[in-house]
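For the numbers below, each heavy atom of this structure counts, side chains included, while hydrogens, waters and symmetry mates do not.
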Amino acid sequence: QVRLAESGGGLVQHGGSLKLSCVASGFSYSPYYMTWFRQAPGKKREFVATVDWRTSSTYYADSVKGRFTISRNMAKNTVYLQMNSLKPEDTAVYYCAARTNPSVFNDPTMYQYWGQGTQVTVSS
């Protein structure tokens, strides 16, 4: 059974940093994309960043480009999201997601596996 477990959320001041982790287990073969989405209250779930598990290629939403960095550690089956220069508008529940087939990577409806989410709150 596939399981994704996020950690690392919390409360941070405007301009601060946080690092999220997502440990994946139960895959019978490697995922294709490991991705971070986020959802703020009253808003749709939105794409943040993704890493191609096989090639380590990365892609980012324009809103986080230059501030967030996604990376993966294949030996630990873990994907990270380093978040710097955080803004109040980054406040959301952050979800780790995985898919085992290639397609549009920024569409949350195309993902098969999800973590439970971790809250990130940025105070102004």
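Applying the disulfide bond (SG atoms under 2.5 Å apart) test to residues at least two apart or on different chains, the pairs with a partner in residues 91-124 are Cys22-Cys96. Screening residues 38-87 for disulfide bond (SG atoms under 2.5 Å apart) gives no qualifying pairs among residues at least two apart or on separate chains. Every pair tested for disulfide bond (SG atoms under 2.5 Å apart) that includes a residue from residues 35-89 fails, sequence neighbours excluded, so the list is empty.
The hydrophobic cluster of Tyr29 has no other members, since no ILVMFWY side-chain heavy atom comes under 4.5 Å of it. Hydrophobic clustering, defined by side-chain heavy atoms of Ile, Leu, Val, Met, Phe, Trp and Tyr closer than 4.5 Å, groups Phe105 together with Tyr32, Tyr33, Phe37, Phe47, Tyr59, Val93, Tyr95, Tyr111, Trp114. Here Val48 is tied into one hydrophobic group with Val2, Leu4, Val12, Leu18, Leu20, Phe27, Met34, Trp36, Val51, Trp53, Tyr60, Val64, Phe68, Ile70, Met74, Val79, Leu81, Met83, Leu86, Tyr94, Tyr113, Val120, Val122, each link being a pair of ILVMFWY side chains closer than 4.5 Å.
In terms of the side chain to side chain donor-acceptor pair (under 3.5 Å) criterion, Ser56 has no residue partners (sequence neighbours excluded). Contacts of Glu89 classified as salt bridge (charged side-chain N to carboxylate O under 4.0 Å, His left out), with partners at least two apart in sequence or in another chain: none. Remark: Asp52 engages no residue in a salt bridge (charged side-chain N to carboxylate O under 4.0 Å, His left out) (not counting sequence neighbours). Under the rule for a side chain to side chain donor-acceptor pair (under 3.5 Å), Arg72 has no partner lying at least two apart in sequence or in another chain. Among residues two or more places apart in sequence or in another chain, the side chain to side chain donor-acceptor pair (under 3.5 Å) test is passed with Asp107 by Thr109. Under the side chain to side chain donor-acceptor pair (under 3.5 Å) criterion, Ser28 pairs with no residue at all, not counting sequence neighbours.
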- Query: Between Lys87 and Arg67, does a side-chain contact (heavy atoms from CB on, under 4.5 Å) hold up when you go through it step by step?
  - Reply: CA-CA 10 Å; Lys87 306 175 182 179; Arg67 300 188 297 123; 3.8 Å; yes
